[in-house]
Number of protein chains: 2
Amino acid sequence: MKRGVGQGGYSLREKIFKKLRKDILNGKYKAGDSLVEMKLAEEMGVSRTPVREAIRQLELEGLVSSIPNKGVFVEGITRQDIQDIYAIRECMEGLAARWAIERIDEKTLKELENIYDLMEFYTAKGDLDQVGELNSQFHDIIFESTKSKPLMQVLSDFQYYIENIRLASLKAPGRAMQSLIEHKAIVQAFKDRDIEKGERVLVEHIRNSRLNVERMPRA
Amino acid sequence: MKRGVGQGGYSLREKIFKKLRKDILNGKYKAGDSLVEMKLAEEMGVSRTPVREAIRQLELEGLVSSIPNKGVFVEGITRQDIQDIYAIRECMEGLAARWAIERIDEKTLKELENIYDLMEFYTAKGDLDQVGELNSQFHDIIFESTKSKPLMQVLSDFQYYIENIRLASLKAPGRAMQSLIEHKAIVQAFKDRDIEKGERVLVEHIRNSRLNVERMPRA
DNA sequence: AAATTCTGTATTGTATACAATATAGTTATC
DNA sequence: GATAACTATATTGTATACAATACAGAATTT
């Protein structure tokens, strides 16, 4: 079977959704740009149907807005949005820490430690892209450990929104090492099942990340 | 033009989305039920296309999950989800209060006061459904006043998820009056532009709402 | 009887065809 | 020349047609 969007993953719709979302978040499509179904479909070598469905999902996420019979326009996310997201995370990750420490099982805890070890390794090696990827996994594991669908959904989405800027900010001088230390403290609190400490260090980690991002030069 | 889902609103897809979401939240479709596109389309007198698009959106919201080539199954929201949502709101509405008080304009403030007055009126009258509707509007205005897209999106969705139970809990003896008093304190803090007090009373209001819901008999 | 293959059916996934709407440009009218 | 009505085009909205897949149950083989 030949496909125009690339193999792997599953339905066309899903692949298209992810591709468009990525392209909006990394700036290929800028705020105000119009997305024409037919044009996108041709570019990707598919029909309008899966493109439409992907767009409907982007619409729900607020990444595009659609004016009936007129067109779909990119909303994107602004620098202000990113700051807001950090502020929201700062208050929600405290909850996440609490719930995760209460509910995480030994196997997942080991996984978390393992990811931390890899972060250590790749930080020493200087492969920050890899560290960024591990960073996402690290926090995703915490989200999932909360066993809370509402919390997971919000935080996972937000984490994806800010992935690019987060990756860039990891490259600020000294930040990678500082971030590593913070993750170490988080892992330790989880191993000790110390809820109060876990809340504190995780929130502090988010705050430091936010401050680091705010110090960054505007893209 | 004749339409099968009822006039008003806009596109079929949007109406179908709202209808399905409502039916999931009020329990017409229970967790585990399968949603068959063709069946829904026939019931509503439309084609599969808009139904599919609505389902894709529900999927993104996590209200249904879809297994490729097999079917779409209702996830619904559990009692645990609702408790989690209250916990999340409890920490996020502090932020909301802060940002809203900083950014709300006089006109919107007046609107908020106006809604409060109406709540007072309908509470006295005993029309709790009306009070519930005003309650939603009251909090939506606060969300919008934050001018924060990420915060608005999360809190508006969550507010809708718990609307039914919130309405039911308003009917607990004494709760309506207590809720009214809490809203009065919120309005006052907004008028005084007293951020600290606003945070405190709004968070307290959410906590009381949560406690009230937790005391409710299980549906 | 157990295991395997086949086949039919239900359902979704994708493509295409047709309808409705918005907009811009053009022509007609004053 | 300004304004209004018309027309053409671009785009989305909806419906239908066709393809792929999953699954259950029958037929077949061992």
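Here is how names work: the chains are called A, B, and so on, in the same order as the sequence lines, proteins then strands, and each is numbered from 1.
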- Would you call R175(B)-E182(B) a salt bridge at under 4.0 Å N-O? yes
- Message: Of the options dG13(D), dA15(C), dT11(C), whose atoms approach the side-chain atoms of S11(B) most closely?
- Response: dG13(D)
- Query: Within this structure, what is the CZ-to-C1' distance between F73(B) and dA10(C), rounded to whole angstrom?
  - Reply: 12 Å
- Query: Does T49(B) make a side-chain N or O approach to OP1 or OP2 of dT14(D) shorter than 4.0 Å?
  - Reply: no
- Does E59(A) pair with R56(A) as a salt bridge, N-O distance under 4.0 Å? yes
- Item | Cationic N near anionic O, under 4.0 Å, E43(A) to K19(A) | no
- Task: Write down the distance between CD1 (I16(A)) and P (dT14(C)), rounded to a whole number of angstrom.
- Result: 8 Å
- Considering only heavy atoms, which members of residues 52-69 of chain A lie under 4.0 Å from some atom of DNA chain C? N69(A)
- Item | Nearest to side-chain heavy atoms of V46(B), which nucleotide of dT14(C), dA15(D), dT12(C) | dA15(D)
- Phosphate oxygens OP1/OP2 of dT21(C): is one of them under 4.0 Å from a side-chain N or O of K70(A)? no
- Query: Is the count of non-hydrogen atoms from other residues, nucleotides or ligands lying under 6.0 Å from K147(A) atom NZ greater than 12?
  - Reply: yes
- Query: Between L35(B) (CG) and dG13(C) (P), how many Å, whole number?
  - Reply: 13 Å
- Atom-to-atom span, CE of M38(B) to P of dT14(C) - whole angstrom: 19 Å
- Query: R48(B) has an atom CZ; how far is it from atom P of dT16(D), in whole Å?
  - Reply: 12 Å
- Message: Could you tell me how far apart L12(B) (CG) and dA19(C) (P) are, to the nearest whole angstrom?
- Response: 16 Å
- Under 4.0 Å between any heavy atoms, over every strand shown, what does R13(B) touch: base, sugar-phosphate, or nothing? Just pick one. sugar-phosphate
- Message: Regarding S136(A) and R166(A), do their side chains bring together a donor and an acceptor under 3.5 Å, going by distance alone?
- Response: yes
- Message: Any salt bridge linking D129(B) with K171(B)? Criterion: basic side-chain nitrogen under 4.0 Å from a carboxylate oxygen.
- Response: yes
- Sidechain N-carboxylate O distance under 4.0 Å for E106(A), K110(A): no
